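Quick caveat: nothing in here was measured; it's all calculated off a predicted structure.
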Amino acid sequence: MALTTVGTVINNAKLVLQEVTSAGTRWTNEELIGWLNESYQAIVQIKPDASTENASHELAEGTRQQIPADGLRLIDVVRNTASGSKKMGIMVASRQSLDTTRRGWHADPPSIDIEQYIFDDQDPTRFYTYPPAATGAEVEIIYSAVPAPHDVSQGLEGLANEAIKLNDSFGPIITDYILYRAYSKDAEHAKNLNRAQLHMEAYMTALGQKVEVDRSISPNASDSSSNPTGSVGRARG
């Protein structure tokens with residue numbers, strides 16, 4: 001859970017904008033909060049795992065499945081969770097492999113024990129299951145979802161102590177996005193256009209670096225330490 005508050009982010013942006021009035025003159029608090037909400041959408045589009053949901057999901061009968069309505073993109077299908085299932089883990093498979101080995105797999109007998117799932121990047125909110133899901137089949141899924149927006153009607157005073165909807169590490173990135181949108185409002189002036197571009201570049205650079213860092217330190221990344229796990233195992237052997 002984030003500790004950074006809406007008030008902190010908005011006041012940091014106002015400090016850079018030199019917006020000294022409590023309600024805002026050139027840039028109102030409501031505008032800035034609106035751009036804060038917009039930043040969530042922009043960030044999650046580029047880094048889907050910035051906001052994820054881990055939930056038990058009831059499957060539709062058959063092979064074709066849909067993630068919940070608030071979902072942006074499927075990330076993983078973890079395991080079976082139906083009460084009568086064997087609670088097995090679920091492996092990702094390619095459609096080509098199933099189509100090659102079992103041409104009629106969509107018509108195979110249904111089961112509440114799902115063994116594999118198929119995902120297509122071109123259709124990110126849907127996936128297919130094998131064997132076909134029977135009535136009552138349920139699985140644990142991880143999916144990306146844009147956070148619910150802050151209620152702009154509450155104003156800065158009402159939202160000041162409300163936590164931002166992403167991890168604290170996204171605070172500076174969110175601030176740069178807000179400043180990009182704020183200076184874009186006056187983009188007819190070359191000075192403000194340049195400032196808008198600078199903050200957009202800072203936003204994109206920081207977000208790109210975060211993607212790379214998260215990938216490099218992921219438990220799924222190759223172990224490049226001086227004492228990798230594989231070496232320990234071999235030494236003990």
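Ring planes of Trp105 and Tyr130: perpendicular class, angle over 60° (limits at 30 and 60°). Aromatic ring pairs are classed by plane angle as parallel below 30°, tilted from 30° to 60° and perpendicular above 60°; the pair Phe127 and His57 is tilted.
Among all heavy-atom pairs drawn from Ala163 and Val6, the shortest one is O-CG2, 4.4 Å. Residue Glu53 comes nearest to Ala145 through the heavy atom pair CG-CB, 4.0 Å, listed as atom of the first residue, atom of the second, then distance. In plain terms, the two heavy atoms of Ala50 and Phe170 that are nearest each other are CB-CZ, 3.6 Å. Closest approach of Pro109 and Pro132 over heavy atoms only: O-CD, 3.9 Å. Heavy atoms only, all atoms of each residue included: Pro68 and Ile141 are closest at CD-CD1, 3.8 Å. Taking both residues in full, the closest heavy atoms of Asp176 and His199 are given as OD1-ND1, 2.8 Å, listed atom of the first, atom of the second, then distance.
A donor-acceptor pair shorter than 3.5 Å can be found between the side chains of Ser169 and Lys210. A donor-acceptor pair shorter than 3.5 Å can be found between the side chains of Lys14 and Asn29. When only modelled atom types and interatomic distance are considered, Ser97 and Thr100 share no side-chain donor-acceptor pair under 3.5 Å. With 3.5 Å as the limit, one finds no donor-acceptor pair spanning the side chains of Ser56 and Glu140. A donor-acceptor contact closer than 3.5 angstrom is absent between the side chains of Asp76 and Tyr143. When only modelled atom types and interatomic distance are considered, Glu61 and Thr135 share a side-chain donor-acceptor pair under 3.5 Å.
Ile178 pairs in a side chain to side chain contact (heavy atoms under 4.5 Å, CB included) with only one of the listed residues (Ile33, Asn12, Ile10), which is Ile10. Here the rule is side chain to side chain contact (heavy atoms under 4.5 Å, CB included) with Gln116, and of Val92, Leu98, Val77 only Leu98 fits it.
Distance check: Tyr40 OH to Leu166 CG gives 6.0 Å after rounding to the nearest 0.5 Å. Between the CG atom in Leu17 and the CZ atom in Arg195 there is a gap of 9.0 Å [rounded to 0.5 Å]. One distance of note links NE2 of His150 with CG of Leu156; it measures 11.5 Å at 0.5 Å rounding. Atom OH of Tyr180 sits about 10.5 Å away from atom CH2 of Trp35, to the nearest 0.5 Å. In this structure, CD1 on Ile90 lies 6.5 Å from CD1 on Ile114, to the nearest 0.5 angstrom. Here the CD1-CG distance, from Ile164 to Leu159, works out to 13.0 Å after rounding to the nearest 0.5 Å.
Not a single donor-acceptor pair under 3.5 Å links the side chain of Thr5 to the backbone N or O of Asn161. No donor-acceptor pair under 3.5 Å is formed between the side chain of Lys87 and the backbone N or O of Arg79. Under the 3.5 Å distance criterion, the side-chain polar atoms of Asn37 are left unmatched by any main-chain donor or acceptor of Pro149. Under a 3.5 Å cut-off, the side chain of Gln65 and the backbone N or O of Ala60 do form a donor-acceptor pair.
Criterion: ILVMFWY side-chain heavy atoms under 4.5 Å apart, direct or through other members. Under it, Leu74 and Ile118 are not part of a common hydrophobic cluster.
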Where do Met88 and Glu115 land on the side chain to side chain contact (heavy atoms under 4.5 Å, CB included) test, with the steps shown first?
-> CA-CA 7 Å; Met88 295 186 302; Glu115 299 175 16; 4.2 Å; yes

- Query: For Leu59 and Val139, what are the C-alpha separation, side-chain angles and deciding distance, and is it a side chain to side chain contact (heavy atoms under 4.5 Å, CB included)?
  - Reply: CA-CA 7 Å; Leu59 298 177; Val139 298; 3.8 Å; yes

Take Arg73 and Asp121, measure what salt bridge (Lys or Arg N to Asp or Glu O under 4.0 Å) needs, and give me the verdict at the end.
CA-CA 9 Å; Arg73 185 181 188 88; Asp121 285 302; 2.5 Å; yes

### Verdict with supporting geometry, Asn80 and Ile112, side chain to side chain contact (heavy atoms under 4.5 Å, CB included)
CA-CA 8 Å; Asn80 290 277; Ile112 62 169; over 6 Å; no

Item to check | Evaluation steps, side chain to side chain contact (heavy atoms under 4.5 Å, CB included), between Gln45 and Leu72 | outcome: CA-CA 8 Å; Gln45 284 284 353; Leu72 181 69; 3.9 Å; yes

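Residues Asp120 and Arg95 are not paired through a salt bridge, judged by the lack of any N-O separation under 4.0 Å between the basic side chain and the carboxylate. Checked for salt-bridge contact, Glu31 and Arg181 miss the test: no charged N lies under 4.0 Å from a carboxylate O. A salt bridge is defined here as a Lys NZ or Arg NE, NH1 or NH2 lying under 4.0 Å from an Asp or Glu carboxylate O, and Arg26 with Glu19 fails to meet this definition.
Counting heavy atoms of neighbouring residues, nucleotides and ligands inside a 6.0 Å radius, atom CD of Gln154 exceeds 12 of them.
Separation of the Tyr177 and Tyr203 ring centroids falls under the 6.0 Å cut-off.
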